[in-house]
Protein chains: 2
Amino acid sequence: MKQEKPSLDFERVLPHVSIDCVIFGFHENQLRVLLLHWKNSHTWSLPGGRVFRDESVQAAVYRILEERTGLREVFLQQFYTFGETDRLKNTDFQAIFADFGFDLEAGNVLFDRTVTVGYYALVEYSKVRPTPDFFTDECRWWDVQELPELIFDHKEIAEKALQTLRRQLSYQPVGLNLLPEKFTMPELQKLYETILDKELDRRNFHKRMLAYGILERLEERRSGGAHKSPYLYRFDLPKYQKALEEGWKGDW
Amino acid sequence: MKQEKPSLDFERVLPHVSIDCVIFGFHENQLRVLLLHWKNSHTWSLPGGRVFRDESVQAAVYRILEERTGLREVFLQQFYTFGETDRLKNTDFQAIFADFGFDLEAGNVLFDRTVTVGYYALVEYSKVRPTPDFFTDECRWWDVQELPELIFDHKEIAEKALQTLRRQLSYQPVGLNLLPEKFTMPELQKLYETILDKELDRRNFHKRMLAYGILERLEERRSGGAHKSPYLYRFDLPKYQKALEEGWKGDW
DNA sequence: ACAAAAGTGTTGCCGATACACCCATGA
DNA sequence: TCATGGGTGTATCGGCAACACTTTTGT
């Protein structure tokens, strides 16, 4: 898909505010993050963008997410807003934009200081069609453990996202949108282990998950593996939603 | 303290971004929130303000907090950024500013759509000197259960803050900055009960708190009460800090 | 002396952990 | 048939909730 040179309708964009997304996917037992590579450079960045003046921040995130992945159905979570003054320091935006054929004056609001709202998304890897934009020539997955150099404070943003996701794991269900519709218990366990970066006991994991009561076991099994064929499970949507809203371990 | 009419140095302010603070205090076994009353109106609002162009968002929050309370030592937590387009709808800012003697043109950036970053603060009630600003004539505490009408989406902001504080309680210590330096176990328990809006068992609370290992029991007791005099406790700062950073119940 | 509040201890349940055995499958 | 991974069961431990008794203090 070719990306047209955007019209850069400055009036349409809300200045001083931006969005950055940490898009998590799960593939081959790895937790991955979707990154963009900027043309004529060695830098990678998180997918992100601007908010239109007549658009809510959340709507902007969904728009950006769809542009980069083709997906609308994702789990989305705002986790932090980054407001340091030196977030974008040492970045010559004017030169960058000039490279791309935009002749902007030095005082353009796009070069102004920007506060960015961080969101993380959980998406189904196989459904994603990674799509670069006009400024980037590659959009691909990276293992969360081996991220490349990132521009601005994007490293910090990605780390905070992972940290928040880990915490989410302890009081909310995770897995829907990140796994395919049907999955096996070992697959779900691998997901948890990858996010937590920690091994878990197979049997206890099994029991605990079932105890949460958000899984539905199907009659089918996954064959083709080199060993005993595991059962397939599916999330019970209503119960999953309920667990998401209420959380668990909220006692005290 | 008289508040001077501010110079409204528009150039100094970062447009489209603002801050709102939910300042929690604890007094007479009530959890309270500090609110401002606007002159010539019936509306109350959360303390908030603008970020200067050369100031980080966090620094702005500390500045605003100090202006309204006189305090610098507070527990501060960013909890959400509110980015709906209709947050400030139905508000005639031009008229309001005109009331205050500012003759601003309709297109002034101050009237523009604004994304607000929500923080909550925990402060020691007795140390606070509530101070209104130029636009407000009263700054006082309200019981969190009986808030008045609030402007904009401030009700929603306050509720989300309380909700986040409740969650914090389950994986981090709370109490420092909210209680005086020395306090009794029943007082700490009341604080927890008030935040959770739920009664707790005295003995189990006692044990659990001590088990966290963040308290230091003093020799003194609080006399004067009509009954058996309770011990005084104090937070063990280093251990408290450690618990804040590491949290508890993060197992999986 | 009595009521009310505070300090401390005991029991039992439940959930989480640690660990063992059996079964299915492909090579 | 054997190695590997997957399904299921059990014993134990620890934390938390439920609960009772004693002590202190002011009136």
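Predicted model only: the values in this text are computed from it and were never measured. Below, each value reflects all heavy atoms present in this structure, side chains not excepted, and no hydrogens, waters or symmetry copies.
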Compile the donor-acceptor pairs under 3.5 Å between side chains in residues 236-243 of chain A and protein atoms, sequence neighbours left out, one pair per line.
from     : atom 1 : to       : atom 2 : distance (Å)
A:Asp236 : OD1    : A:Lys239 : N      : 3.3
A:Tyr240 : OH     : A:Pro173 : O      : 3.4
A:Tyr240 : OH     : A:Gly175 : N      : 3.2
A:Tyr240 : OH     : A:Leu176 : N      : 3.1

- Spacing of B:Arg221 atom CZ relative to C:dT8 atom C1', expressed in whole Å: 12 Å

- Just by distance, do the side chain of A:Thr116 and the backbone of A:Ser18 share a donor-acceptor pair under 3.5 Å? yes

- Item | Selection residues 170-186 of chain A - residue pairs positive for salt bridge (Lys or Arg N to Asp or Glu O under 4.0 Å), sequence neighbours left out | A:Glu181-A:Arg234, A:Lys182-A:Glu220

- Message: Counting only heavy atoms and a strict 4.0 angstrom limit, can you tell me which residues of residues 204-217 of chain B come near DNA chain C?
- Response: B:His206, B:Lys207, B:Arg217

- Query: Could you walk me through whether B:Glu73 and B:Lys127 pass the salt bridge (Lys or Arg N to Asp or Glu O under 4.0 Å) check?
  - Reply: CA-CA 10 Å; B:Glu73 301 279 316; B:Lys127 288 189 176 166; over 6 Å; no

- Item | Residues within residues 226-234 of chain B bordering DNA chain C, heavy-atom distance below 4.0 Å | B:His227, B:Lys228, B:Pro230, B:Tyr231

Identify every side-chain donor-acceptor pair in residues 206-214 of chain B under 3.5 Å, counting partners at least two apart or on other chains, and give the distances.
from     : atom 1 : to       : atom 2 : distance (Å)
B:Arg208 : NE     : B:Tyr212 : OH     : 3.1

- Item | Minimum-distance nucleotide to B:Arg203 side chain [options: C:dC19, C:dG9, C:dA6] | C:dG9

- With a 3.5 Å cut-off and just heavy-atom distances, do the side chain of A:Arg202 and the base of D:dG7 make a donor-acceptor pair? yes

- Task: Kindly assign one of parallel, tilted or perpendicular to the pair A:Tyr171 and B:Tyr171, based on the angle between their ring planes and the thresholds 30° and 60°.
- Result: parallel

- Near-ring test A:Phe26/A:Phe24, centroid separation under 6.0 angstrom: no

- Task: Could I get the full list of side-chain hydrogen bond (donor to acceptor under 3.5 Å, both in side chains) partners for A:Arg221, not counting sequence neighbours?
- Result: A:Tyr231

